[in-house]
There are 2 protein chains.
Amino acid sequence: MLSTEDLALLEAIRESGSLSKAAARLGKAPSTVSHAARQLESRFDALLFDRSRYRLRLTPAGQLLALEAARLTLDVSRLTRRVKQIAGGWEDRLCIVTDEIMEFETLLPVIKAFDRLQSGVTLRITHEMLGGTWEALRDGRADLVVGATNEPPVIAKLRWFELGVIEWVFAVAPGHPLARAKEPLEPEAVAAHRAIMVADSSRRPDVRSYGVLGGQAALAVPGMLAKIHAQREGLGVGWLPRERVRSLLKSGALVEKRMADPREPNTLYVAWRGDHEGRALAWWLDQLRQPRLTARLVNGLDRFA
Amino acid sequence: MLSTEDLALLEAIRESGSLSKAAARLGKAPSTVSHAARQLESRFDALLFDRSRYRLRLTPAGQLLALEAARLTLDVSRLTRRVKQIAGGWEDRLCIVTDEIMEFETLLPVIKAFDRLQSGVTLRITHEMLGGTWEALRDGRADLVVGATNEPPVIAKLRWFELGVIEWVFAVAPGHPLARAKEPLEPEAVAAHRAIMVADSSRRPDVRSYGVLGGQAALAVPGMLAKIHAQREGLGVGWLPRERVRSLLKSGALVEKRMADPREPNTLYVAWRGDHEGRALAWWLDQLRQPRLTARLVNGLDRFA
DNA sequence: GGACTCGTTCGAAGGTATCGAACATGTTAT
DNA sequence: ATAACATGTTCGATACCTTCGAACGAGTCC
């Protein structure tokens with residue numbers, strides 16, 4: 001194959017346009033370079049050097065080789081770095097999947113801190129909706145999930161801890177008919193109005209349509225933030241995460257309604273497969289155990305404050 | 001860097017799960033393989049082999065290296081082929097640009113014949129409209145242009161020969177008002193009807209709108225074939241290449257009209273830059289000098305016969 | 001024309017890869 | 001439990017490859 005010395009030789013000849021000048025540059029004897037050039041030609045079974053004139057130069061084939069050898073050398077040095085990375089206990093890449101209710105910006109400082117480690121680990125952070133987080137972990141699409149809801153399913157070698165608890169509030173716009181309805185609201189009263197629910201982009205059943213009654217009209221929106229907006233505009237009703245609409249409730253832009261059937265809080269989980277633990281995963285798990293970050297992820301950002 | 005021996009060693013160990021078995025496979029002494037393994041680890045400054053158990057195995061880092069080394073080896077063998085190709089006088093790639101009026105299928109047998117040469121030269125064949133062929137040659141986007149119209153422009157080292165002559169006919173649908181108009185048709189009579197012209201997909205001025213008069217209504221269509229269809233449907237009028245509509249004229253689906261201002265035939269050219277002549281280009285030029293192929297390209301296919 | 005440059009060939013020296021023997025440890029079959 | 005066999009490492013000797021410097025013929029420049 002090709003060595004760094006081969007590349008250096010080709011580049012020195014290309015740039016100096018002379019074998020003896022190239023040898024001087026490389027700190028080698030001209031005879032060494034001459035011999036090495038012959039060896040290269042023999043190895044590739046191609047004329048790489050034009051000796052028809054006084055000073056030796058690259059043929060077009062030699063030029064192509066010089067160019068491509070440079071690219072290959074880059075490839076190899078990247079590979080060397082990656083191999084060292086892994087030998088040092090870091091992963092090649094880390095895929096983190098969060099529930100879409102969680103705001104990506106909360107993770108930005110963490111990502112920056114991780115970058116400062118200069119581990120070389122490729123990071124990939126994506127969202128999943130509904131039970132999609134557990135699915136991603138099972139399928140191997142995720143190495144780490146943040147904010148998974150429902151009880152942890154049966155997955156080989158699964159490890160997890162609780163992130164926190166998310167509380168729900170049934171809220172309507174002040175001008176919505178249900179805003180003036182007698183409390184606690186009965187299911188029949190709710191069923192007469194359109195429900196707002198988060199669209200399920202996966203093929204799974206609509207797990208996120210909590211409290212939507214049979215036959216009830218529904219509007220599916222692309223995420224929790226969109227759901228908040230839709231309900232604030234009076235387009236429909238449904239459950240919303242309390243901490244994420246706190247200032248809307250306080251300002252009256254949304255009105256909380258007590259329900260005949262209250263909704264239990266949800267526990268959020270951090271989970272990973274225990275058979276693939278590298279330093280990057282360990283680092284992230286450590287961060288996710290920090291109470292301040294945890295609170296921020298669970299409670300979210302009040303985008304309406 | 002990496003050698004084919006390095007790759008062979010890594011793969012033999014991975015597949016046999018043992019250093020001594022790998023050595024047997026490679027036809028080498030176990031001590032040689034042991035030493036080579038140590039050298040590899042030293043070169044990458046990483047533990048590539050797990051010696052904690054009876055039989056030596058690859059670490060995750062070693063596995064990544066084995067995988068990536070295989071990919072790199074493939075890269076190098078491709079490069080070796082390319083270098084040999086060029087040293088043998090072939091180009092790395094050949095870009096042929098034809099005028100879009102020419103049917104691609106006419107070139108299929110030529111492409112197949114070229115493939116049979118097994119030169120390794122990458123072939124790229126594209127269309128240009130209007131003066132786009134000359135532009136492609138000047139810009140270096142084309143190595144060879146086929147069917148360029150107008151006089152050859154000033155391009156450094158330009159070489160060319162005539163391919164043939166294309167004749168035009170002013171044709172209208174039988175139900176079109178101009179079909180019954182008195183001959184020869186005067187410009188004023190034509191100007192009252194919509195012109196069909198080939199859309200210019202480049203940024204150049206509309207050179208292909210020959211005979212379109214100022215203020216005349218126009219319909220731009222995506223190519224000569226589309227123009228033929230549009231005129232046959234009576235959507236408008238204009239000049240068409242005589243040989244490509246011969247059977248439509250014969251069947252009466254299109255009616256030829258004599259004009260007060262006849263259109264001169266166009267000369268088509270084959271052109272290339274003379275400073276980059278390899279064996280592939282030479283081969284194609286040779287083919288393009290064959291009278292049968294030339295006639296087919298110039299006269300085209302009568303898709304309506 | 002003389003001084004210098006260029007690249008090749010050649011023999012010698014230096015560096016690297018490979019072999020086989022010896023050895024310690026682990027595994028398997030009886 | 002023991003003997004036979006397997007595994008991988010270390011080490012010295014040998015083989016192979018790379019590099020050097022000297023000598024040389026041909027080209028270039030002042």
Side-chain angles (χ1 to χ4, degrees), chain A residues 1-63 65-66 69 73 76 80 87, chain B residues 1-63 65-66 69 73 76 80 87:
Chain A
M1 279 216 270
L2 283 164
S3 65
T4 41
E5 283 76 34
D6 292 330
L7 174 63
L9 180 141
L10 286 162
E11 295 201 335
I13 290 173
R14 205 189 74 236
E15 286 163 10
S16 57
S18 149
L19 185 142
S20 33
K21 284 192 169 66
R25 272 193 190 203
L26 299 168
K28 298 189 183 202
S31 60
T32 300
V33 175
S34 181
H35 185 262
R38 290 261 185 232
Q39 291 290 86
L40 254 191
E41 283 180 325
S42 170
R43 213 185 313 157
F44 281 89
D45 188 23
L47 268 185
L48 306 173
F49 306 98
D50 175 11
R51 293 173 182 84
S52 62
R53 307 209 281 176
Y54 187 56
R55 287 189 188 80
L56 178 141
R57 303 173 326 160
L58 294 180
T59 60
Q63 276 162 33
L65 185 59
T73 302
V76 172
T80 302
Chain B
M1 279 219 271
L2 282 166
S3 64
T4 41
E5 283 77 35
D6 292 329
L7 174 63
L9 179 141
L10 287 162
E11 294 200 338
I13 290 173
R14 206 189 74 235
E15 287 164 7
S16 56
S18 146
L19 184 142
S20 35
K21 282 191 172 61
R25 272 192 190 205
L26 299 168
K28 297 189 184 200
S31 60
T32 300
V33 174
S34 181
H35 185 260
R38 290 264 185 227
Q39 292 289 88
L40 252 192
E41 283 179 326
S42 170
R43 213 185 315 157
F44 281 89
D45 188 22
L47 268 185
L48 305 174
F49 305 99
D50 175 13
R51 295 173 181 85
S52 61
R53 306 211 283 178
Y54 187 55
R55 287 188 188 83
L56 179 141
R57 303 173 326 160
L58 294 180
T59 61
Q63 276 162 33
L65 184 59
T73 302
V76 172
T80 302

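Lettering of chains follows the sequences in order, A, B, ..., and the numbering in each one begins at 1. From a predicted model like this one, the values you see are computed outputs, not experimental measurements.
Scored by the side chain to side chain contact (heavy atoms under 4.5 Å, CB included) test, Q63(B) finds L58(B) as partners (sequence neighbours excluded).
Within the structure, side-chain hydrogen bond (donor to acceptor under 3.5 Å, both in side chains) contacts touching residues 48-58 of chain A (residues at least two apart or in different chains) are E41(A)-R51(A), D50(A)-S52(A).
Between T73(B) and T4(B) the shortest heavy-atom distance is CG2-CG2, 4.1 Å. The minimum heavy-atom distance between A46(B) and A87(A), with the atom names listed, is CB-CB, 3.4 Å. Nearest approach of L10(B) to F49(B), heavy atoms of both residues: CD2-CZ, 4.0 Å.
One finds the CG atom of L9(A) at 9.0 Å from the OG atom of S3(A) (value rounded to the nearest 0.5 Å). Atom OG1 of T59(B) sits about 9.0 Å away from atom CG of L65(B), to the nearest 0.5 Å. The distance from atom CD of E5(A) to atom CG of L7(A), rounded to the nearest 0.5 Å, is 9.5 Å. Separation of atoms CG (L56(A)) and CG (L48(A)) is listed at 10.5 Å; rounding is to 0.5 Å. Between the OG1 atom of T80(B) and the CG atom of D45(A) there is a distance of 10.0 Å, given to the nearest 0.5 Å.
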Please list each protein N or O that sits under 3.5 Å from an N or O in nucleotides 12-22 of chain D, with the distance.
from: dT18(D); atom 1: OP2; to: Q39(A); atom 2: NE2; distance (Å): 3.4
from: dT19(D); atom 1: OP1; to: K28(A); atom 2: NZ; distance (Å): 3.4
from: dC20(D); atom 1: OP2; to: A29(A); atom 2: N; distance (Å): 3.0
from: dC20(D); atom 1: OP2; to: T32(A); atom 2: OG1; distance (Å): 2.5
from: dG21(D); atom 1: O6; to: S31(A); atom 2: OG; distance (Å): 2.7

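Between its opening and closing five pairs, the helix from dG1(C)-dC30(D) to dT30(C)-dA1(D) changes axis direction by 30°, a value rounded to 10 degrees.
Of the residues in residues 47-58 of chain B, those placing a heavy atom less than 4.0 Å from an atom of DNA chain D are R51(B), Y54(B), R55(B), L56(B), in numerical order. For DNA chain D, none of the residues of residues 10-18 of chain A falls under the heavy-atom distance limit of 4.0 Å.
Bounding nucleotides for the chain B contact on DNA chain C, 5' to 3', at a heavy-atom distance below 4.0 Å, are dA17(C) to dT27(C).
Using a 4.5 Å heavy-atom threshold, the side chains of D6(A) and R43(A) count as touching.
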Can you list, pair by pair, the side-chain donor-acceptor contacts under 3.5 Å of residues 29-38 of chain B, counting residues two or more places apart and other chains?
none

Tell me which donor-acceptor pairs under 3.5 Å the side chains of residues 19-26 of chain B have, and how far apart each pair is, sequence neighbours excluded?
from: S20(B); atom 1: OG; to: S18(B); atom 2: OG; distance (Å): 3.4
from: R25(B); atom 1: NH1; to: E15(B); atom 2: OE1; distance (Å): 2.8

